[in-house]
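Remember, it's a predicted structure, so these values are computed and weren't measured experimentally. Positions are given from 1, in the same order as the sequence printed here. Only heavy atoms go into these numbers, but all of them, side chains included; no hydrogens, no water, no symmetry mates.
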Amino acid sequence: MTSYINRNSHCVSGFLLLCSFLSCAPPAPAQTTSPQPKLSVHWEELTGADFIEGIKHSQGTCLLPFGILEKHGPHLPLGTDLLDARYASLHAAEKEYAVVFPEYYFGQIFEARHEPGTVAYSRELQLALRQETTDEMARNGCKKVLIVNGHGGNNSLLPFFAQSQLAKPHDYVVYTFSLSSPPSGGPKKKTSVDQHAGESETSSMMISHPDLVHQDRAASESGADQHRENLPDGVYTGIWWYARFPEHYAGDGSAATRELGEYQMQWWIDSVAKALAAIKADDVSLKLQNEFYEKSTHPLDTKQ
């Protein structure tokens with residue numbers, strides 16, 4: 001009998017000790033929901049599910065930064081135009097969310113075929129690839145495609161491409177944006193000739209990819225206008241650029257500064273972000289485009 005009571009006493013004592021321990025133990029931490037990760041603006045970085053969310057968040061608005069592979073003086077990388085256009089586009093998309101298409105180098109650059117590293121696709125392939133790219137973007141939900149141009153040699157090509165969208169029906173709209181620097185304002189420039197790989201473009205690269213700028217080499221070649229062709233105003237020939245700037249350098253990159261680059265790049269980023277906001281709000285262009293497609297199938301009936 002004694003041993004039974006002792007065993008019970010031990011059990012009761014142990015139970016009371018456990019209760020005492022539990023009453024003193026700190027409360028279990030409350031379960032918290034981890035914050036949702038921020039959606040990347042890079043098309044190639046999104047998972048399938050995140051891509052769907054990105055298209056919804058962007059209201060079907062996507063960016064296609066557009067550059068080229070060509071010599072940029074003796075001091076800048078071959079991909080300068082696209083590197084700068086992507087930098088501006090990605091930062092603009094962070095401010096006004098949009099999905100940004102991966103690197104796209106397939107533009108017009110016949111005038112630099114004599115320089116090392118230039119990749120100049122045929123005009124047929126350029127147009128076909130661009131059309132299939134925007135078609136595929138639209139098939140994936142990009143019903144508003146903004147092409148952000150970083151290359152002056154595309155300035156005639158892109159409006160033509162946008163105009164050619166009227167040739168047959170599309171369920172999306174192509175917009176183009178070709179301004180890369182403010183028309184005025186900012187730090188005063190030191191040079192008068194400032195086009196290709198010159199003061200402005202070198203300054204912008206100092207912001208987007210400073211590790212790829214070799215400013216110490218900028219004066220090793222001349223970026224002066226050679227004036228080797230004399231034609232009246234209004235007369236155009238494709239050899240004009242080579243006639244004036246055979247070294248594919250127009251300006252003086254040694255005059256570039258980070259101050260000028262910061263001003264120009266911020267202007268570019270803000271301008272693309274404003275364009276994105278306006279495009280998201282645009283509910284007219286696609287309606288008018290569809291109306292045009294309908295009328296173009298029976299032009300004789302449109303004036304009745």
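Contact of the Thr257 side chain with the Lys190 side chain is registered, since non-hydrogen atoms from C-beta on lie closer than 4.5 Å. Counting only heavy atoms from C-beta outward, the side chains of Asp50 and Leu39 approach each other to under 4.5 Å. Side-chain contact check for Ile269 versus Glu94: every heavy-atom pair is 4.5 Å or farther apart. The closest side-chain heavy-atom distance from Gln126 to Gln108 is below 4.5 Å. Under the 4.5 Å side-chain criterion, counting only non-hydrogen atoms from C-beta, Met205 is in contact with Pro77. With contacts defined as side-chain heavy-atom distances shorter than 4.5 Å, the pair Tyr172/Met137 does not qualify. Leu46 has its side chain within reach of Val99: a pair of non-hydrogen atoms, C-beta onward, lies under 4.5 Å apart. Annotation: side chain of Leu76 is not in contact with side chain of Leu212 (no heavy-atom distance under 4.5 Å).
When all heavy atoms of Ala120 and Phe110 are compared, the closest pair comes out as CB-CD2, 4.0 Å. The shortest non-hydrogen separation linking Arg228 to Pro246 is NH2-CB, 3.5 Å. Counting all heavy atoms, side chain and backbone alike, Leu78 lies closest to Gly117 at CD1-CA, 3.7 Å.
If you check the side chains of Glu259 and Tyr263, you find no donor sitting under 3.5 Å from an acceptor. With 3.5 Å as the limit, one finds no donor-acceptor pair spanning the side chains of Tyr249 and Ser222. In summary, the side chains of Asp270 and Gln266 do present a donor paired with an acceptor at a separation below 3.5 Å, with no hydrogens or angles considered. At a cut-off of 3.5 Å, with distance as the only test, no side-chain donor of Asn140 or Glu136 sits close to an acceptor on the other residue. Of the N and O atoms on the side chains of Ser285 and Asp282, at least one donor lies less than 3.5 Å from an acceptor on the other residue. Side-chain N/O atoms of Ser200 and Gln264 include a donor and acceptor closer than 3.5 Å. Between the side chains of Gln195 and Glu201, no donor N or O sits under 3.5 Å from an acceptor N or O. Residues Tyr105 and Asp81 have side chains that never bring a donor and an acceptor to within less than 3.5 angstrom of each other.
Partners of Ser156 by side chain to side chain contact (heavy atoms under 4.5 Å, CB included), not counting sequence neighbours: none found. Shown here are the salt bridge (Lys or Arg N to Asp or Glu O under 4.0 Å) partners of Glu262, two or more places apart in sequence or in another chain: Arg258.
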Next on the checklist: Under the criterion side chain to side chain contact (heavy atoms under 4.5 Å, CB included), I'd like the reasoning laid out for Val272 against Leu63: C-alpha separation, chi angles, the key distance, then a yes or no.
Outcome noted: CA-CA 10 Å; Val272 174; Leu63 283 168; 4.2 Å; yes
Checklist entry - Is there a side-chain hydrogen bond (donor to acceptor under 3.5 Å, both in side chains) between Gln165 and Gln131 once you walk through the steps? => result CA-CA 9 Å; Gln165 300 310 297; Gln131 191 66 67; 2.9 Å; yes
Next on the checklist: Let's go through His114 and Tyr242 carefully: what are the C-alpha distance in whole Å and the side-chain angles of both, what is the deciding distance for side chain to side chain contact (heavy atoms under 4.5 Å, CB included) to 0.1 Å, and is it a yes or a no?
Outcome noted: CA-CA 10 Å; His114 64 297; Tyr242 180 76; 3.7 Å; yes
Item to check | Verdict with reasoning, Glu96 to Lys274, per salt bridge (Lys or Arg N to Asp or Glu O under 4.0 Å) | outcome: CA-CA 8 Å; Glu96 185 68 48; Lys274 287 176 185 175; over 6 Å; no
Item to check | Working for side chain to side chain contact (heavy atoms under 4.5 Å, CB included), residues Leu129 and Tyr121 | outcome: CA-CA 10 Å; Leu129 184 57; Tyr121 295 93; over 6 Å; no
Next on the checklist: For a side chain to side chain contact (heavy atoms under 4.5 Å, CB included) check, start with the C-alpha distance between Tyr104 and Thr133, then their side-chain angles and the critical distance, and finish with the verdict.
Outcome noted: CA-CA 10 Å; Tyr104 194 94; Thr133 297; 3.5 Å; yes
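Without hydrogens or angle criteria, Gln215 side chain to Gly253 main chain gives a donor-acceptor distance under 3.5 Å. With hydrogens and angles ignored, the 3.5 Å screen pairs no side-chain donor or acceptor of Asn154 with any backbone N or O of Leu157. A donor-acceptor pair under 3.5 Å is absent between the side-chain atoms of Ser40 and the main chain of Glu45, judged by distance alone. No side-chain donor-acceptor contact under 3.5 Å links Thr202 to the backbone of Glu199.
No single ILVMFWY cluster, assembled from side-chain heavy atoms under 4.5 Å apart, contains both Leu146 and Leu288. One hydrophobic cluster, built from ILVMFWY side chains closer than 4.5 Å, cannot hold both Met206 and Tyr87; they sit in different ones. Under a hydrophobic clustering in which Ile, Leu, Val, Met, Phe, Trp and Tyr are joined whenever their side-chain heavy atoms come within less than 4.5 Å, directly or via other members, Phe66 and Ile68 fall into different clusters. Note: the hydrophobic cluster containing Leu69 does not contain Val213 (ILVMFWY, side chain heavy atoms under 4.5 Å, direct or indirect links). Leu179 and Val100 fall within the same hydrophobic cluster, defined by Ile, Leu, Val, Met, Phe, Trp and Tyr side-chain heavy atoms under 4.5 Å apart, directly or through other members.
Look at Glu291 and Lys287 and you find no salt bridge, because none of the NZ, NE, NH1 or NH2 atoms lies under 4.0 Å from a carboxylate O. Salt bridge Lys71/Glu221: present, at least one basic N to carboxylate O contact under 4.0 Å. Salt bridge annotation for Glu70-Arg113: absent, with no cationic side-chain nitrogen under 4.0 angstrom from a carboxylate oxygen.
Ring-plane geometry between Tyr97 and His57 is classed as tilted, the angle between the planes lying from 30 to 60 degrees on a 0 to 90 degree scale. Aromatic ring pairs are classed by plane angle as parallel below 30°, tilted from 30° to 60° and perpendicular above 60°; the pair His72 and His196 is tilted.
Residue Glu53 holds its CD atom at 10.5 Å from CD1 of Ile55, rounded to the nearest 0.5 Å. For the atom pair Asn149 CG and Leu158 CG, the distance stands at 5.0 Å (nearest 0.5 Å).
Residue-environment remark: CD (Glu44) exceeds the threshold of 12 foreign heavy atoms within 6.0 Å. Open room surrounds CZ on Phe160; 12 or fewer heavy atoms of other groups in view lie less than 6.0 Å from it.
Val193 belongs to a hydrophobic cluster whose remaining members, ordered by chain and number, are Tyr236, Trp240, Trp241, Phe245; membership requires side-chain heavy atoms of ILVMFWY residues under 4.5 Å apart, directly or through intermediates.
Residue Arg86 is tested with Asp84, Leu83, Leu90 for a side-chain contact (heavy atoms from CB on, under 4.5 Å); the sole match is Leu90.
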